[in-house]
Amino acid sequence: MAMNPKLFPHGMPVPFLNELFVFASDGVEFEIDNIPRLGEVQAKGTIYLSNIRMVFVAKNPRDNFIAFDIPLLFVHGEKLNQPIFFCKNISGYVNPVVPANDNENSGVPHSFKILFKECDCETFIPLVFNLIGKVRRRYRRSRAKHRVDPLHEAAKTPADEMTRYAYVDPNDPTSIFLQQPTPESRLRCRTNQSQPAERSI
């Protein structure tokens, strides 16, 4: 995990080498604990999904909390919660990613929760779990071959396959990205509003 990863001026996360952003879902609430000097943080905003991580970007940043980076490889204990009288949510833990010389909270995993209060999530949720599984399997195979760079191996996850065959619920506001972010322009993406044919799937 990392707090406040690099973002473009329009709020999209800056991709790593070989990273492909696949989906984004607006109107989510995000909870995370064990943040240095802040403790537990709750915020509303957008959750982005790439082939190697989820990135939450707060709609109204405060207390120096702008965004939070969750590498899929470091997620564990993830589960889908579907309470009867509350919204669907994904909960789990993510191990911290800290420099070797930084011991502050270095061994304490962060508990996180992504709550879909203002949006549907029928497209986003299955793809998150599918991607986590693919990243883990690829990492296990790379370890068996004595490769040691987990993020490089995770970046090879075939996200394009998942978007090609993804079921898209017309009531789900999740965006499917058709191009990757650039500093100059917003992403073209699939939304459920009327739009020109070249911008929609």
Side-chain angles (χ1 to χ4, degrees), residues 1-8 12-25 28 30 32 34 46-57 67-81 88-100 102 106-114 116 121-168 172 174-182 187-190 201:
M1 66 37 76
M3 191 169 79
N4 299 335
K6 290 184 180 180
L7 306 175
F8 287 122
M12 282 290 307
V14 175
F16 298 133
L17 182 66
N18 298 322
E19 180 176 22
L20 296 173
F21 279 95
V22 184
F23 291 93
S25 202
V28 302
F30 183 71
I32 189 81
N34 294 328
T46 302
I47 191 83
Y48 295 90
L49 176 64
S50 81
N51 56 331
I52 60 172
R53 61 180 172 154
M54 290 184 282
V55 182
F56 172 79
V57 179
F68 196 84
D69 192 350
I70 302 175
L72 299 177
L73 186 60
F74 301 139
V75 171
H76 55 96
E78 71 281 355
K79 62 180 179 177
L80 171 62
N81 305 298
K88 288 184 182 178
N89 62 82
I90 297 172
S91 63
Y93 299 90
V94 59
N95 291 335
V97 180
V98 294
D102 184 359
S106 60
V108 182
H110 300 270
S111 170
F112 71 88
K113 188 177 282 189
I114 303 165
F116 299 90
C121 51
E122 299 307 316
T123 305
F124 190 87
I125 286 177
L127 286 162
V128 169
F129 286 97
N130 194 352
L131 264 175
I132 290 172
K134 285 179 182 290
V135 166
R136 285 179 182 153
R137 287 190 294 274
R138 188 167 289 275
Y139 178 60
R140 281 192 216 105
R141 287 196 299 269
S142 71
R143 286 192 64 181
K145 295 176 182 177
H146 306 291
R147 295 180 185 158
V148 293
D149 186 350
L151 293 182
H152 175 72
E153 288 301 312
K156 295 179 183 177
T157 304
D160 57 327
E161 283 180 22
M162 296 163 54
T163 59
R164 191 176 308 127
Y165 302 110
Y167 167 73
V168 179
D172 187 343
T174 299
S175 298
I176 301 174
F177 298 138
L178 303 179
Q179 71 183 48
Q180 292 305 293
T182 64
L187 288 182
R188 292 190 309 146
C189 60
R190 191 280 305 152
I201 290 180

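What's counted below: heavy atoms across the whole structure, side chains too, no hydrogens, waters or symmetry copies.
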Discussion item. Using modelled atom types and a 3.5 Å cut-off, is there a donor and acceptor pairing between side-chain atoms of Asn51 and backbone atoms of Glu19?
Written reply: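 It does not hold such a pair.
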Worksheet item: Residues in side-chain contact (heavy atoms from CB on, under 4.5 Å) with Asn4, at least two apart?
Response: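 With neighbours one apart ignored, the set is Asn64, Ile66.
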Within the 4.5 Å heavy-atom criterion, are [X] and [Y] side-chain neighbours or not?
X: Phe74; Y: Tyr93; value: no
X: Ile47; Y: Ser25; value: yes
X: Pro96; Y: His110; value: yes

Item to complete: Take Asp69 and Met3 through the test side chain to side chain contact (heavy atoms under 4.5 Å, CB included) and record every step on the way to the result.
Response: CA-CA 6 Å; Asp69 192 350; Met3 191 169 79; over 6 Å; no
Item to complete: Assess Arg53 against Phe16: is NZ or CZ under 6.0 Å from the centre of the six-membered ring, and within 45 degrees of the ring's axis?
Response: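 Yes, Arg53 lies over the aromatic ring of Phe16.
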Item to complete: Would you please test Ile90 and Ile125 for side chain to side chain contact (heavy atoms under 4.5 Å, CB included) and show each step?
Response: CA-CA 8 Å; Ile90 297 172; Ile125 286 177; 3.8 Å; yes
Worksheet item: Relative to each other, are the rings of Phe112 and Phe30 parallel, tilted or perpendicular (30° and 60° limits)?
Response: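 Parallel, since the angle between the ring planes stays under 30°.
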Atom [atom1] in [X], atom [atom2] in [Y]: separation rounded to 0.5 Å?
X: Leu49; Y: Phe124; atom1: CG; atom2: CZ; value: 5.0 Å
X: Lys134; Y: Arg138; atom1: NZ; atom2: CZ; value: 8.5 Å
X: Phe56; Y: Ile70; atom1: CZ; atom2: CD1; value: 9.5 Å

Worksheet item: For Ser91 and Asn81, what are the C-alpha separation, side-chain angles and deciding distance, and is it a side chain to side chain contact (heavy atoms under 4.5 Å, CB included)?
Response: CA-CA 7 Å; Ser91 63; Asn81 305 298; 2.9 Å; yes
Fill in: Any residue meeting side chain to side chain donor-acceptor pair (under 3.5 Å) with Arg136, in chain and number order, not counting sequence neighbours
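Once residues adjacent in sequence are excluded, the partners of Arg136 under the side chain to side chain donor-acceptor pair (under 3.5 Å) criterion are Glu78.
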Worksheet item: Given the rule in the side chain to side chain contact (heavy atoms under 4.5 Å, CB included) test, do Met54 and Val128 qualify, once you have shown the distances and angles that lead to the verdict?
Response: CA-CA 9 Å; Met54 290 184 282; Val128 169; 4.1 Å; yes
